[in-house]
Amino acid sequence: MLRSASLSAVLVLAFLMAGCVAIPTKNEPAAYTQALVQDAVRLYTQEGPQAAIDHYSSPENIDGQWYVFIIGGDGYTVAHHNPEMIGRDPALRVDVTGYFYGDDILSATEAGKWVSYVFNNPDTGEETRKNAWIVRHDGLFFGSGWYEEN
């Protein structure tokens with residue numbers, strides 16, 4: 001009987017461990033960024049569009065250099081921690097180097113796409129190269145990214 005109970009305990013532990021997924025840390029910026037976007041899509045799906053827009057339009061959305069933004073299918077920003085970005089004309093998605101990154105963002109698919117451009121880092125206030133992961137979901141574009149060190 002004791003042996004059966006021990007075997008059962010081992011099997012339960014094995015099943016629990018099999019279900020565990022390593023959560024990326026900020027030391028793994030690409031994986032961490034992708035996890036933030038996945039969480040944003042999950043929030044959108046579970047809580048609805050308005051809950052996601054409200055959450056990602058608030059300052060609580062910022063975690064150092066990381067934040068999530070949402071862009072509508074028409075290219076206009078619908079959620080961003082910076083209120084000046086909400087409703088922003090997609091034609092203005094040009095970085096300080098002259099690179100028009102808007103088309104690259106809007107070409108992302110459900111599988112996701114990396115887009116790199118220069119943007120203001122909220123953690124430092126400096127224009128820095130940003131590596132953004134963009135995923136299209138339900139006609140919207142969910143994105144986040146990390147900034148390269150100068």
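All residue numbers in this chain count up from 1 along the given sequence. Any value given below was found using the heavy atoms of this structure, including those in side chains, with hydrogens, waters and symmetry copies removed.
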Is there a side chain to side chain contact (heavy atoms under 4.5 Å, CB included) between E126 and N120? Walk through the geometry before answering.
CA-CA 5 Å; E126 297 177 12; N120 185 277; 6.0 Å; no
Is the shortest distance from a Lys or Arg side-chain nitrogen in D95 or K130 to a carboxylate oxygen in the other one below 4.0 Å?
no
What distance do L140 atom CG and D74 atom CG have between them, rounded to the nearest 0.5 Å?
9.5 Å
Do N121 and T128 pair up side chain to side chain, a donor and an acceptor below 3.5 Å, judged on atom types alone?
no
Going through the distances and angles, do V118 and Y147 end up as a side chain to side chain contact (heavy atoms under 4.5 Å, CB included)?
CA-CA 9 Å; V118 178; Y147 294 83; over 6 Å; no
Report yes or no: do S58 and E60 form a side-chain donor-acceptor pair below 3.5 Å?
yes
Testing the basics here: between W146 and A30, what is the closest heavy-atom pair and its distance to 0.1 Å?
CZ3-CA, 3.6 Å
If you compare all heavy atoms of L36 against all heavy atoms of V68, which two are closest, and at what distance to 0.1 Å?
O-CG2, 4.0 Å
Within-4.5 Å side-chain heavy-atom neighbours: Y67 and S144
no
Please report, to 0.1 Å, the donor-acceptor pairs under 3.5 Å made by any side chain of residues 78-86, with sequence neighbours excluded.
from, atom 1, to, atom 2, distance (Å)
H80, ND1, N82, N, 3.0
N82, OD1, E84, N, 2.9

Could you verify whether a donor N or O on one side chain and an acceptor N or O on the other, from R93 and T77, lie under 3.5 Å apart?
yes
Does the side chain of N131 pick up a donor-acceptor pair with the side chain of E148 at under 3.5 Å?
yes
Consider only side-chain heavy atoms of I, L, V, M, F, W and Y, link residues closer than 4.5 Å, and tell whether I71 and Y117 are in one cluster.
yes
Working to the nearest 0.5 angstrom, can you tell me the gap between I105 CD1 and R136 CZ?
13.0 Å
Side chains of F69 and I134: does their closest heavy-atom pair fall under 4.5 Å?
yes
Does I62 share a hydrophobic cluster with Y32, counting links as ILVMFWY side-chain heavy atoms below 4.5 Å and allowing steps through other members?
no
Between V37 and I70, is there a shared hydrophobic cluster once you connect ILVMFWY residues whose side-chain heavy atoms come closer than 4.5 Å?
yes
Using ring-ring contact (aromatic ring centres under 6.0 Å, His included) as the criterion, list what pairs up with F142, not counting sequence neighbours.
Y44
Nearest heavy-atom neighbours spanning E127 and V96
OE1-CG1, 3.8 Å
Are P90 and F100 packed together at the side-chain level, in the sense that at least one heavy-atom pair is separated by less than 4.5 angstrom?
no
Please report the shortest heavy-atom distance between S57 and I53, naming the atom on each side.
OG-O, 2.7 Å
Going by heavy atoms in the side chains, are Q46 and R42 under 4.5 Å from each other?
yes
What are the two closest non-hydrogen atoms of V135 and E110, and how far apart are they?
CG1-O, 3.6 Å
Rounded to the nearest 0.5 Å, how far does OH of Y101 lie from CZ of F119?
4.5 Å
Sorted by chain and residue number, the ring-ring contact (aromatic ring centres under 6.0 Å, His included) partners of Y56 (sequence neighbours excluded) come out as none
Closest approach of D123 and Q65, non-hydrogen atoms and distance?
CB-N, 3.8 Å
Any side-chain donor-acceptor pair under 3.5 Å between W66 and T33?
yes
